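Let me begin by presenting the structure, written as structure tokens, before commenting on it.
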There are 2 protein chains.
Amino acid sequence: MKPYVLVIEDEDAILTLLEYNFRKEGYEVGLATDGEMGLLMASERTPDFIICDWMMPKLSGVEVCRRLRRRDETRATPIIMLTARGEEADKVTGLDFGADDYIVKPFSVPELLARVRAVIRRSAPSLLEDVIRHGTLEIDLKAMRVKYAGQDLHLGPTEFRLLEHFMRSPSRVYSREQLLDKVWGRDVYVEARTVDVHIGRLRKALKSMGGHDPIRTVRSAGYAFETSVLSD
Amino acid sequence: MKPYVLVIEDEDAILTLLEYNFRKEGYEVGLATDGEMGLLMASERTPDFIICDWMMPKLSGVEVCRRLRRRDETRATPIIMLTARGEEADKVTGLDFGADDYIVKPFSVPELLARVRAVIRRSAPSLLEDVIRHGTLEIDLKAMRVKYAGQDLHLGPTEFRLLEHFMRSPSRVYSREQLLDKVWGRDVYVEARTVDVHIGRLRKALKSMGGHDPIRTVRSAGYAFETSVLSD
DNA sequence: TAGCTTTCGCAAAACTTTCATAATTCTGTT
DNA sequence: AACAGAATTATGAAAGTTTTGCGAAAGCTA
């Protein structure tokens with residue numbers, strides 16, 4: 001559920017710096033030390049955005065950009081280029097090749113993070129949101145709190161993540177297996193029926209504060225979260 | 001009702017990989033370990049698209065392609081070829097022989113899935129649609145909801161799939177046997193008359209919300225879904 | 001121990017299938 | 001045209017099956 005950032009950069013020092021700082025900001029980080037590796041990693045898991053060095057052995061940053069733009073999954077993925085001071089003049093080229101922003105080395109970490117937030121705000125604002133609201137129900141992801149009709153609502157960790165997932169993608173049906181994938185994690189071996197129990201607990205918690213049950217059971221298919229009953 | 005993909009590939013590892021991933025994406029998967037078996041399976045049930053390895057024992061991928069193109073049912077079926085890196089130069093030949101796209105091994109799963117979606121988008125976009133509408137009746141396949149004249153309409157799983165099938169291919173008559181095949185699944189042993197009961201229930205549900213009955217009974221032949229009575 | 005998560009089992013609910021019978025449509029004949 | 005009889009479909013109800021809700025117990029982890 002955290003944003004996944006892919007850093008493609010051949011200088012170890014910068015790689016480490018960025019990894020540390022992005023982690024601290026709550027991103028998941030993928031590291032690639034050259035362009036080819038970057039492309040490979042980008043196709044294994046589509047990043048939410050990409051930091052890419054301009055000058056690299058093998059594939060240049062421009063080339064990486066170009067190739068990423070040719071693929072459907074990464075066509076719209078924000079890319080921020082890192083360029084050394086002398087290369088500044090090329091900035092137009094970088095943006096032409098599909099980068100969304102560029103930043104000159106040496107850069108300050110806060111500056112980079114600010115740029116990143118700016119870029120994300122343009123392309124996928126929901127990743128930055130600390131709180132998601134639907135009607136009178138709101139979930140604060142950073143503070144890990146849920147409020148319903150102004151009242152605090154306590155949920156266990158699993159119910160919290162379940163609600164988070166539902167609030168992020170409401171209205172569509174997820175099978176128990178899909179929910180296990182998305183909420184529990186890929187390689188967790190848990191009985192599918194366990195989902196029922198947590199759905200039940202989430203329902204009970206929500207109902208305990210009045211209002212209708214926003215979770216719709218779809219027989220022989222799974223569950224869906226309906227925002228429509230959460231009146232404002 | 002899920003898209004049916006036929007994978008023809010002699011390497012077990014890849015076969016398993018593709019089966020797992022296509023299943024997860026909601027496709028039905030047929031597996032063939034050589035060209036001959038692939039052709040056989042393609043004639044038993046016409047796939048929505050085909051993934052076919054280039055180099056295979058017995059029949060090569062090119063030959064499989066060619067033969068599939070000679071048959072009426074598979075003449076237009078999209079085919080994606082899997083080629084090893086060195087064979088890249090032959091790509092033109094592959095496409096000439098009727099493949100719609102090709103992808104080089106080793107490939108990333110998201111990349112393959114993206115290509116598949118692209119190919120389907122060209123050839124049978126309705127398979128990717130989330131909602132199908134005819135007049136005032138709409139069925140949302142992801143949310144698994146049916147709306148009629150703006151109102152929510154609850155259907156049981158079988159009625160839902162039945163309606164899905166009718167909405168996908170309206171205006172033509174299906175025999176009870178064909179409906180059992182398409183809606184219930186190939187290897188289900190159910191009395192043909194059972195279809196009547198479900199048709200009846202679907203009709204009742206639709207009629208309960210006013211409007212005319214869009215299902216036409218064709219005596220001694222089956223049923224057809226008429227969109228014309230679903231005024232806008 | 002407290003606070004969760006997971007599994008289990010049973011009852012309730014939702015759905016399917018089959019069957020019997022009523023209703024309809026068709027066919028051939030007068 | 002009209003009618004009987006045959007064929008086919010509609011439908012209500014019963015029986016059977018599958019799936020879900022829920023309480024409770026057992027298992028984890030800090």
Side-chain angles (χ1 to χ4, degrees), chain A residues 144-146 152-166 173-208 212-226, chain B residues 1 139 144-146 152-166 173-208 212-226:
Chain A
M144 302 258 263
R145 281 171 175 286
V146 178
D152 266 321
L153 175 56
H154 175 85
L155 295 180
T158 305
E159 281 78 54
F160 186 89
R161 290 200 311 277
L162 192 55
L163 182 61
E164 178 185 350
H165 171 255
F166 276 140
V173 175
Y174 290 91
S175 71
R176 292 179 175 70
E177 286 72 19
Q178 287 173 319
L179 289 173
L180 285 175
D181 254 28
K182 305 251 181 195
V183 175
W184 274 253
R186 273 160 222 295
D187 29 38
V188 179
Y189 173 64
V190 169
E191 202 67 30
R193 293 291 261 94
T194 299
V195 174
D196 296 25
V197 179
H198 289 278
I199 291 276
R201 277 206 283 266
L202 180 52
R203 272 177 168 152
K204 194 156 100 182
L206 291 170
K207 268 190 291 194
S208 77
H212 288 281
D213 174 12
I215 300 174
R216 174 168 54 109
T217 301
V218 182
R219 185 166 235 261
S220 82
Y223 298 95
F225 184 79
E226 301 297 332
Chain B
M1 269 309 80
I139 182 170
M144 301 247 232
R145 279 171 166 287
V146 178
D152 266 321
L153 175 56
H154 176 88
L155 297 179
T158 305
E159 281 77 57
F160 186 88
R161 293 199 309 275
L162 192 55
L163 181 61
E164 178 184 350
H165 171 255
F166 277 140
V173 177
Y174 290 91
S175 71
R176 293 180 175 72
E177 286 71 20
Q178 286 174 316
L179 288 173
L180 283 175
D181 254 28
K182 302 253 182 196
V183 175
W184 273 253
R186 345 222 94 241
D187 29 37
V188 178
Y189 173 63
V190 170
E191 203 67 32
R193 292 254 139 234
T194 300
V195 174
D196 297 26
V197 178
H198 287 279
I199 291 278
R201 276 205 284 266
L202 180 52
R203 274 177 166 151
K204 192 156 104 185
L206 291 170
K207 269 190 291 193
S208 79
H212 288 281
D213 173 13
I215 300 174
R216 177 167 53 105
T217 302
V218 182
R219 188 164 233 263
S220 80
Y223 298 95
F225 185 80
E226 300 299 332

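Because the structure is predicted, anything quoted here is derived from the model rather than measured. Every chain is numbered from 1, with letters handed out A, B, ... down the list of sequences.
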Measure across [X] and [Y] and return the closest heavy-atom pair with its distance rounded to 0.1 Å.
| X | Y | answer |
| --- | --- | --- |
| B:Ser208 | B:Ala205 | OG-O, 2.7 Å |
| B:Met144 | A:Ala221 | CE-CB, 2.9 Å |
| B:Arg176 | B:Gly222 | NH1-CA, 4.5 Å |
| A:Arg161 | A:Val183 | NE-O, 3.1 Å |

Extract from the structure each pairing of a protein N or O with an N or O of nucleotides 1-5 of chain C at less than 3.5 Å, listing the distance.
from, atom 1, to, atom 2, distance (Å)
C:dC4, OP1, A:His154, NE2, 3.0
C:dT5, OP1, A:Thr158, N, 2.7
C:dT5, OP1, A:Thr158, OG1, 2.5
C:dT5, OP2, A:Glu159, OE1, 3.3

(message) Below 4.0 Å from chain A heavy atoms, what is the first contacting nucleotide of DNA chain D and what is the last?
(response) D:dT18 to D:dG21

(request) Verify the neighbour count for atom CZ of B:Arg186: are there more than 12 heavy atoms of other residues, nucleotides or ligands below 6.0 Å? (result) yes

Between [N] atom [atom2] and [X] atom [atom1], what is the distance in whole Å?
| X | N | atom1 | atom2 | answer |
| --- | --- | --- | --- | --- |
| A:Asp196 | C:dA13 | CG | C1' | 14 Å |
| A:Glu191 | C:dC8 | CD | P | 6 Å |
| A:Leu179 | C:dT6 | CG | P | 13 Å |

(request) Select from B:Arg176 and A:Arg193 the residue whose nearest nucleotide in DNA chain D is closer to the 5' end of that strand. (result) B:Arg176

(message) Both B:Ser220 and A:Ile199 contact DNA chain D. Taking the nearest nucleotide for each, which residue is further toward the 5' end?
(response) B:Ser220

(message) Does the plane of the ring in B:Tyr174 sit parallel, tilted or perpendicular to the ring in B:His165? Use 30° and 60° as the thresholds.
(response) perpendicular

(message) As a test of understanding, state which of A:Tyr223, A:Phe160, A:Trp184 forms a ring pair (Phe, Tyr, Trp, His ring centres under 6.0 Å) with A:His198.
(response) A:Trp184

(message) By the 4.0 Å heavy-atom rule, please label B:Phe160 as base, sugar-phosphate, or nothing.
(response) nothing

(message) Regarding B:Val190, tell me which of base, sugar-phosphate or nothing describes its non-hydrogen contacts under 4.0 Å with the strands shown.
(response) sugar-phosphate

(message) We want to know whether A:Thr217 and A:Arg203 form a side-chain donor-acceptor pair, criterion being a heavy-atom distance below 3.5 angstrom.
(response) yes

